[in-house]
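Residue numbers start from 1 in every chain, and the chains themselves are labelled A, B, ... in the order their sequence lines are given, proteins ahead of strands. Note that this is a predicted model, so its numbers are computed, not measured.
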Amino acid sequence: MAGLAKLAYLLAAVLFILGLKRLSSPATARSGNWLASFGMLIAIVTTLAFGGILTWPMIIIGIVVGSAIGATFARMVEMTAMPQMVALLNGFGGGASALVASAELLRSLQAGAIIPLNVAVTIPLSVLIGSVTFSGSVIAFGKLQELVTGRAVTYPLQKSFNGFLFAGILAVGIWVVLQPSSTLALGILVAAALVLGILSVIPIGGADMPVVISLLNSYSGIAAATTGFVISNEGLIISGALVGASGLILTNIMCKAMNRSLANVLFGAFGAHATAALGPVGIEGRGVRSITAEDGAMMLAYARLVVFCPGYGLAVAQAQHEVRELADILEGRGVEVKYAIHPVAGRMPGHMNVLLAEADVPYDKLYDMDEINPEFSRTDVSVVIGANDVVNPSARTPGSELSGMPILDVDKSDNVIVLKRSMRPGFAGIDNPLFFDPKTSMLFGDAKSSVKNLIEEVKAL
Amino acid sequence: MAGLAKLAYLLAAVLFILGLKRLSSPATARSGNWLASFGMLIAIVTTLAFGGILTWPMIIIGIVVGSAIGATFARMVEMTAMPQMVALLNGFGGGASALVASAELLRSLQAGAIIPLNVAVTIPLSVLIGSVTFSGSVIAFGKLQELVTGRAVTYPLQKSFNGFLFAGILAVGIWVVLQPSSTLALGILVAAALVLGILSVIPIGGADMPVVISLLNSYSGIAAATTGFVISNEGLIISGALVGASGLILTNIMCKAMNRSLANVLFGAFGAHATAALGPVGIEGRGVRSITAEDGAMMLAYARLVVFCPGYGLAVAQAQHEVRELADILEGRGVEVKYAIHPVAGRMPGHMNVLLAEADVPYDKLYDMDEINPEFSRTDVSVVIGANDVVNPSARTPGSELSGMPILDVDKSDNVIVLKRSMRPGFAGIDNPLFFDPKTSMLFGDAKSSVKNLIEEVKAL
Amino acid sequence: MIEELVGLLVIFVLAMFVGFEVITKVPPTLHTPLMSGSNAISGITIIGALVMAGRGQSRAASILGLVAVVFAMINVVGGFLVTDRMLRMFRRDKKEQR
Amino acid sequence: MIEELVGLLVIFVLAMFVGFEVITKVPPTLHTPLMSGSNAISGITIIGALVMAGRGQSRAASILGLVAVVFAMINVVGGFLVTDRMLRMFRRDKKEQR
Ligand SMILES: NC(=O)c1ccc[n+]([C@@H]2O[C@H](COP(=O)([O-])OP(=O)(O)OC[C@H]3O[C@@H](n4cnc5c(N)ncnc54)[C@H](OP(=O)(O)O)[C@@H]3O)[C@@H](O)[C@H]2O)c1
Ligand SMILES: NC(=O)c1ccc[n+]([C@@H]2O[C@H](COP(=O)([O-])OP(=O)(O)OC[C@H]3O[C@@H](n4cnc5c(N)ncnc54)[C@H](OP(=O)(O)O)[C@@H]3O)[C@@H](O)[C@H]2O)c1
């Protein structure tokens with residue numbers, strides 16, 4: 001029986017692995033997701049069949065309620081709100097891990113069992129990681145949803161306090177290990193871990209949230225794996241490790257693409273002074289060419305190759321459908337249209353890809369930074385749609401906040417049209433010399449309405 | 001203690017994995033091999049320290065003798081004899097697995113222990129796989145070293161007999177499972193498995209041996225993993241699985257590149273009629289242009305791009321150093337020289353790469369088939385050095401033995417010089433229309449002396 | 001006990017390797033679905049939650065277990081469905097499809 | 001017992017995945033060293049052989065163990081050394097090296 005259950009969990013884990021393998025191409029990705037969810041079904045059914053379940057009502061209520069909430073979330077969420085959604089789901093996963101570990105401790109105490117040392121060590125670990133993941137994810141959600149201020153909240157002695165808190169948590173953790181029967185210790189541990197989660201995410205700027213979410217995602221995997229050590233379940237360990245690895249890799253990719261260290265993201269309070277940097281700093285005395293939609297349409301309509309470079313502003317304006325329409329019209333006129341996707345354009349990895357996919361843009365028209373950069377020299381018009389940092393040429397010179405970050409070389413193309421609402425800087429809070437380049441024309445206004453105007457004007461030609 | 005030993009074995013396995021990962025680039029490969037051997041050292045030291053070793057003389061003798069023999073082999077072997085060498089080493093590995101499993105059975109019997117079912121099942125499995133690997137590898141070695149006939153030996157009712165033998169082995173295996181105390185059963189199992197190994201390799205042509213070796217390599221990994229199940233050792237299981245996977249992948253790559261199924265390789269008796277196919281079949285009435293080294297030198301010296309296409313004949317003639325010298329001289333004259341490496345050129349995967357590396361040809365001058373094929377249209381002279389099947393254009397038309405095998409498109413280049421000794425066919429035993437192409441010039445003779453002559457003549461220009 | 005722990009550690013380490021190898025092959029295009037999909041997989045704690053909620057040995061443990069089941073199911077169902085919603089949108093250029 | 005066997009099977013399956021992922025990344029250039037190198041790794045049976053040869057519980061087992069040690073050591077030492085000999089020869093073009 002137990003052997004059969006173990007085999008079934010192994011099968012589930014294998015399905016997860018095969019599912020993730022299929023995510024290596026958009027053509028097979030969807031079936032991969034189904035494989036993985038089938039693996040999850042097997043794991044659940046196995047547990048229901050062999051897990052020694054006695055009281056069914058609780059279980060059925062839990063499953064029905066949870067599934068209903070999850071399905072509603074999945075159905076209602078806007079594509080532009082994906083980062084928040086992932087944060088929230090992640091928080092629930094972490095919370096569940098912490099709850100399971102706590103319940104296991106209570107159950108063992110009730111049953112009067114002696115808690116072996118390895119379990120006594122892994123329980124507080126699992127509770128700690130799970131609780132931090134929960135509260136951290138909720139704050140990240142709040143920041144992205146703008147329920148909590150997106151600014152990096154800083155206060156004096158912040159790091160010292162967090163360090164102190166962490167030391168205290170370690171102490172309480174050891175207390176739980178030594179005296180597992182104390183529910184007080186467990187309670188303090190949970191409370192302190194929740195506070196730690198909040199306090200570590202609060203000082204991080206809203207725009208850095210994706211890195212945080214990805215890291216928390218990794219934590220929730222590690223939390224699941226730790227729970228696996230608690231209840232000696234290989235399935236949990238394998239799946240947790242997979243998720244842990246996935247989160248770490250994505251975190252690493254984002255940090256590299258921003259040319260910042262993880263420590264800088266977590267403790268650098270990037271974006272604390274965002275407001276201070278706003279405003280037309282350094283603009284005086286330099287010329288900015290502002291054009292109308294009519295001028296822009298003219299440039300686009302008679303170009304041979306046009307490259308669209310979307311950024312976070314595309315998500316804010318939700319202009320993806322209009323952009324696609326503009327591309328169709330241009331293609332109808334014989335203009336070649338490509339999309340240049342910077343690895344950290346937007347606010348989470350692959351953000352632009354998802355938005356453009358929603359607007360039915362075929363994925364083979366999207367080009368990675370390394371593929372498209374050599375093409376800019378033969379590009380007639382680059383259209384920067386709500387992007388800023390990812391096209392900022394000051395990244396090439398040392399001494400800037402962006403120094404060393406690879407960028408899209410739009411300034412190599414013959415003409416650049418920039419669609420944004422103002423001269424305000426982007427996420428990094430620094431000015432963009434591109435806007436003062438003689439090749440550049442600014443088309444001010446919300447991206448959605450600007451693109452709509454361009455469509456009208458191109459049609460009118 | 002046991003926990004510590006397990007940790008050490010895990011470390012060893014991790015080092016094996018990291019070592020194999022470093023084999024993904026020639027620049028890091030050597031350090032990878034050292035990492036893996038360091039992992040092996042850790043595994044050995046751990047066993048000596050925690051394995052409950054009591055009698056040291058045996059152990060020391062065994063280690064010293066084995067290491068000395070292994071080191072001598074490694075030092076003496078010619079690069080051209082690598083396939084044999086791998087076969088032989090592989091045989092020893094399989095043999096060791098079979099011996100360990102047998103010893104474990106004898107030891108348990110002596111100690112009067114009751115043998116649990118899982119061990120009773122895995123022991124005969126391990127003995128079977130290990131013994132087949134041993135005798136099969138030895139025959140493969142013999143064929144490649146030409147101690148045994150390289151021809152596919154066939155006799156009436158061969159397959160029926162082997163099938164019968166296999167059924168018998170299964171029966172004896174079950175006997176061992178049911179009555180592990182019978183050393184007679186074990187002895188019969190070993191003997192029958194050895195015979196099976198011999199009889200399954202004998203009917204396979206010498207040129208198919210690399211596929212067989214790779215498959216046997218995979219078996220030896222599986223044998224090690226099975227032994228790991230016998231003695232409950234994770235280190236053995238992981239390493240065995242790694243080797244098993246590696247062998248399967250290589251087998252698969254070779255079969256694909258030859259456009260044959262594994263079943264066809266194992267049971268097809270390819271090469272049984274090799275002698276029958278030899279001779280100038282189909283040559284009559286068609287013109288073959290034979291040239292002298294002087295003519296050839298002329299063509300090469302005044303070319304812009306020359307592509308060398310080595311094959312098995314390069315290994316036979318051991319002409320790699322001369323080829324490299326010719327390339328240097330041509331490059332000195334401003335000719336661009338590239339090497340085209342077909343995936344199954346030679347007699348084992350990567351065979352040509354190793355030979356050319358021995359002659360100090362930098363690996364970034366070697367181009368895979370897919371990289372080089374588009375280049376042939378701008379190639380002035382392709383020099384086919386002891387290759388035949390891999391440049392046979394009849395692979396492109398249906399109905400030939402080679403149909404469907406991807407080839408090097410040398411016939412797209414302006415001129416082709418073919419270096420071989422006669423009009424005899426290559427491994428597949430079929431004629432090559434390339435030799436009758438008006439663009440083609442044949443330079444008959446042993447590849448080493450032909451290339452030497454070319455060097456002389458180019459120098460004399 | 002320690003031995004069992006090491007056995008589980010072996011599995012953890014190997015799974016980490018598999019994870020790294022498999023995930024590094026996912027192209028940037030699919031990083032958002034990867035995040036939500038792997039997130040759903042981390043909802044595997046559901047199997048622990050079910051046991052806690054269902055064994056009914058302790059009232060407190062059952063209640064914590066119930067909440068855990070709800071949380072984990074939100075994570076699992078929400079994660080897989082939202083990933084599917086995203087992936088459904090990805091398509092190759094129709095003109096270039098055969 | 002069955003449970004322990006399944007635990008080992010889990011390890012086997014994961015290691016197979018790791019093997020497939022890692023090995024498919026090895027370029028054709030290095031397939032011959034890969035063959036001899038992975039062959040050397042399969043000499044890991046040496047650890048079983050050492051135990052058989054050294055525990056000295058049964059004369060027959062010890063002798064079989066001794067032969068196994070010799071065989072496995074040939075495989076290990078020969079395999080790693082010959083792989084190293086091959087890999088030592090691989091080099092990038094000196095002109096293009098910095
Ligand atoms: N993708 C990731 O994974 C990730 C993760 C963490 C951090 N980041 C960071 O996020 C940044 C992404 O760069 P980015 O170039 O995409 O964005 P950005 O630098 O933040 O710039 C976005 C621009 O869009 C404009 N915008 C906002 N709403 C708009 C609207 N409705 N219509 C038109 N324009 C609008 C804004 O200018 P106006 O206000 O003038 O309109 C702003 O300058 C990078 O610095 C990156 O490091 C990314
Ligand atoms: N690489 C692998 O992993 C692998 C594995 C299994 C099977 N195979 C098979 O092996 C074949 C490899 O193709 P290939 O084109 O490399 O070899 P091939 O088709 O076997 O042809 C080799 C040619 O070299 C010539 N040759 C032999 N000794 C020579 C010498 N001393 N000097 C000059 N020429 C000499 C022979 O012609 P003469 O006798 O007229 O000189 C022969 O035609 C394929 O059919 C492949 O499927 C390869």
For chain B, which candidate among [options] shows the most heavy-atom pairs at distances under 4.5 Å?
options: D/Leu81, D/Ile63, D/Val13; result: D/Leu81
options: D/Ile41, D/Val26, D/Val22; result: D/Ile41
options: D/Thr83, D/Ile74, D/Ile23, D/Val69; result: D/Ile74

Would you say [X] and [Y] make side-chain contact, with heavy atoms under 4.5 Å?
X: D/Pro28; Y: B/Ile341; result: no
X: B/Met82; Y: D/Ser36; result: no
X: D/Ile46; Y: B/Met40; result: yes
X: B/Phe16; Y: D/Ile44; result: yes
X: B/Ile238; Y: D/Ile11; result: yes
X: B/Phe229; Y: D/Phe12; result: yes
X: B/Arg30; Y: D/Asp84; result: yes
X: D/Thr29; Y: B/Val354; result: no

Steps toward side chain to side chain contact (heavy atoms under 4.5 Å, CB included) verdict (D/His31, B/Asn353): CA-CA 9 Å; D/His31 276 168; B/Asn353 305 74; over 6 Å; no
Could you look at [X] and say if it's the side chain, the backbone, both or neither that has a heavy atom under 4.5 Å from chain D?
X: B/Met369; answer: neither
X: B/Pro343; answer: neither
X: B/Ala29; answer: both
X: B/Thr227; answer: side chain
X: B/Ile213; answer: both

Taking all non-hydrogen atoms of both residues, which atom of [X] and which atom of [Y] are closest, and how far apart?
X: B/Gly350; Y: D/Thr32; result: C-OG1, 3.3 Å
X: B/Ala96; Y: D/Ala68; result: CB-O, 3.7 Å
X: B/Ala74; Y: D/Gly78; result: CB-O, 3.7 Å
X: D/Met16; Y: B/Ile222; result: CE-CD1, 4.0 Å
X: D/Thr45; Y: B/Gly93; result: OG1-O, 4.1 Å
X: B/Ala103; Y: D/Ala61; result: O-CB, 3.6 Å

Where on [X] is there a heavy atom nearer than 4.5 Å to chain B: the side chain, the backbone, both, or neither?
X: D/Leu30; answer: side chain
X: D/Val51; answer: both
X: D/Met52; answer: side chain
X: D/Leu34; answer: both
X: D/Ala72; answer: both

At what distance, to the nearest 0.5 angstrom, does [atom1] of [X] lie from [atom2] of [Y]?
X: D/Asn75; Y: B/Leu89; atom1: CG; atom2: CG; result: 5.5 Å
X: D/Ile47; Y: B/Ile42; atom1: CD1; atom2: CD1; result: 12.0 Å
X: D/Leu50; Y: B/Thr47; atom1: CG; atom2: OG1; result: 5.5 Å
X: B/Ser102; Y: D/Leu64; atom1: OG; atom2: CG; result: 6.0 Å
X: B/Leu20; Y: D/Ser38; atom1: CG; atom2: OG; result: 7.0 Å
X: B/Lys21; Y: D/Glu21; atom1: NZ; atom2: CD; result: 9.5 Å

Quick one: which of [options] has the most heavy-atom pairs under 4.5 Å with chain D, could you say?
options: B/Glu104, B/Arg22, B/His351; answer: B/Glu104
options: B/Leu88, B/Val77, B/Thr122; answer: B/Val77
options: B/Val65, B/Thr46, B/Leu236; answer: B/Leu236
options: B/Asn90, B/Leu242, B/Leu356; answer: B/Asn90
options: B/Met85, B/Glu358, B/Arg107, B/Met352; answer: B/Arg107
options: B/Leu106, B/Asn217, B/Val86; answer: B/Asn217

Side-chain donor or acceptor of [X] paired with backbone N/O of [Y] under 3.5 Å:
X: B/Asn233; Y: D/Gly48; result: no
X: B/Thr55; Y: D/Gly54; result: yes
X: D/Arg55; Y: B/Leu54; result: no

More than 12 heavy atoms from other groups under 6.0 Å of OH on B/Tyr9: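 Counting other residues, nucleotides and ligands, OH of B/Tyr9 exceeds 12 neighbours.
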Verdict with supporting geometry, D/Leu87 and B/Leu23, side chain to side chain contact (heavy atoms under 4.5 Å, CB included): CA-CA 10 Å; D/Leu87 291 175; B/Leu23 271 184; 4.2 Å; yes
Working for side chain to side chain contact (heavy atoms under 4.5 Å, CB included), residues D/Met73 and B/Ile44: CA-CA 10 Å; D/Met73 280 315 282; B/Ile44 293 176; 4.1 Å; yes
Aromatic plane relationship, D/Phe71 with B/Phe92 - under 30° parallel, 30 to 60° tilted, over 60° perpendicular: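 If you compare the ring of B/Phe92 with that of D/Phe71, the planes turn out perpendicular.
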